[in-house]
Amino acid sequence: MNKKVFCTVFTPTYNRAKNLTKLYNSLCEQDFSDFEWLIVDDGSSDDTEKLVAQFIKKHKIEIVYKKTENGGKHRAINYGLDFARGEVFAIVDSDDYLKKDALTKIYKRFKKLPKKNYAGIAFQRGYESREAIGSTFEGEYVDATSLERNKYNISGDKFEIFFTKILQEHKFPEFKGEKFMTEMVVWNRIARLGYKIRWFNDIIYICEYLPDGLTANLFKLYKNNPKGFALNIKEQVQFDNISFKQKMSYYSLYYMIRKEEKNLIEISKEINASPVILLFAYMARMLIWKKR
């Protein structure tokens, strides 16, 4: 089990037994075999463990299954990184799947990647219709940090694959009682160190956003996990050249999720913002919504 592989396909999962088979089948159909499927079961109460056991018995692909107490996706990633044997680490959510040539493309593109100053590569995510998610650039690829995405018109969810060692050195912060933290926190920290990503235009990852998935419940997640959200805001304001509009958007949203529990002064201290600016951002947002 200590044998190294090229790629760790990592799937954090929580009560997704009904969805895992599609991802499993897509991995069995890959035209590349030097990979492991590392699953961290984040405290599921459904039949996830039994289902994965059935997958393992079929001996079609190498599967490593770990179960832990429910702590959220970011904790599952941190935990999984302790067991990953791949040179590169590809996070594939349990409700999504990969196209048949995905791992081959990942392998070939990594082999052409300069070893210095690169954190990894990225591809497009798409829907069933093969329509790419978000916007992109023209051409085959561009080299840019995660903080330079706007510069190159790279918006929406992408499929980032990192060198495992880099992620092991930059794990997610964890706050007691909180079960969500946006991946942006770590991706941006890596970018601030100067690491680039080579962004490709190929669609190799197919998404099926579920009604109860993370993406569909961001407001609720931010409200229930304010420390992680506050950390993201503070680091972007302090270290990154984000626009005034983006800053105001963050401030107004943070005030909205905290105003029922904290007063203006307390909220402003949580994100190191002026109370006047915080209130202005919130009132401006309400005014814009009222005019719509």
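The shown structure was predicted, so the numbers you read here are calculated from the model rather than taken from an experiment. The first residue of the sequence shown is numbered 1, and numbering continues consecutively from there.
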- Message: Before we go on, tell me: are the rings of Phe137 and Tyr152 under 6.0 Å apart, centre to centre?
- Response: no
- Tyr79 six-ring face occupied by Lys66 cation (under 6.0 Å, within 45°): no
- Report whether Phe89 and Val185 are members of the same hydrophobic cluster (ILVMFWY, side-chain heavy atoms less than 4.5 Å apart, transitive linking). yes
- Item | Sidechain N-carboxylate O distance under 4.0 Å for Glu160, Arg149 | yes
- Look at the rings of Phe229 and Tyr250 and say which category their plane angle falls in: under 30° parallel, 30 to 60° tilted, over 60° perpendicular. perpendicular
- Message: Using ring pair (Phe, Tyr, Trp, His ring centres under 6.0 Å), reason through Phe55 and Tyr65 one step at a time and then give a plain yes or no.
- Response: CA-CA 10 Å; Phe55 294 160; Tyr65 175 82; over 10 Å; no
- Task: Would you kindly check if the NZ (Lys) or CZ (Arg) of Arg192 is within the cone defined by 45 degrees around the ring axis of Phe239 and under 6.0 Å from the six-membered ring centre?
- Result: no
- Message: Check this for me: does any side-chain nitrogen of one of Glu87 and Lys4 sit under 4.0 Å from a carboxylate oxygen of the other?
- Response: no
- Message: Nearest 0.5 angstrom please: Asn70 CG to Asn15 CG, how far?
- Response: 8.5 Å
- Donor + acceptor pair across side chains of Tyr205, Asp96 (<3.5 Å): yes
- If we ignore angles and hydrogens, is there a donor and acceptor under 3.5 Å between the side chains of Thr104 and Asp31? yes
- Query: Any chance the side chains of Gln124 and Asp202 put a donor and an acceptor closer than 3.5 Å?
  - Reply: no
- Item | Salt bridge Lys269-Glu266, side-chain N to carboxylate O under 4.0 Å | no
- Message: Can you tell me how far apart CZ (Phe32) and CG (Asp34) are? Round to the nearest 0.5 Å.
- Response: 4.5 Å
- Any luck finding a side-chain donor-acceptor pair between Ser135 and Ser155 under 3.5 Å? yes
- Could you grab the distance from atom CG of Asp143 to atom CG of Leu113, nearest 0.5 Å is fine? 7.5 Å
- Is the shortest distance from a Lys or Arg side-chain nitrogen in Asp82 or Lys171 to a carboxylate oxygen in the other one below 4.0 Å? yes
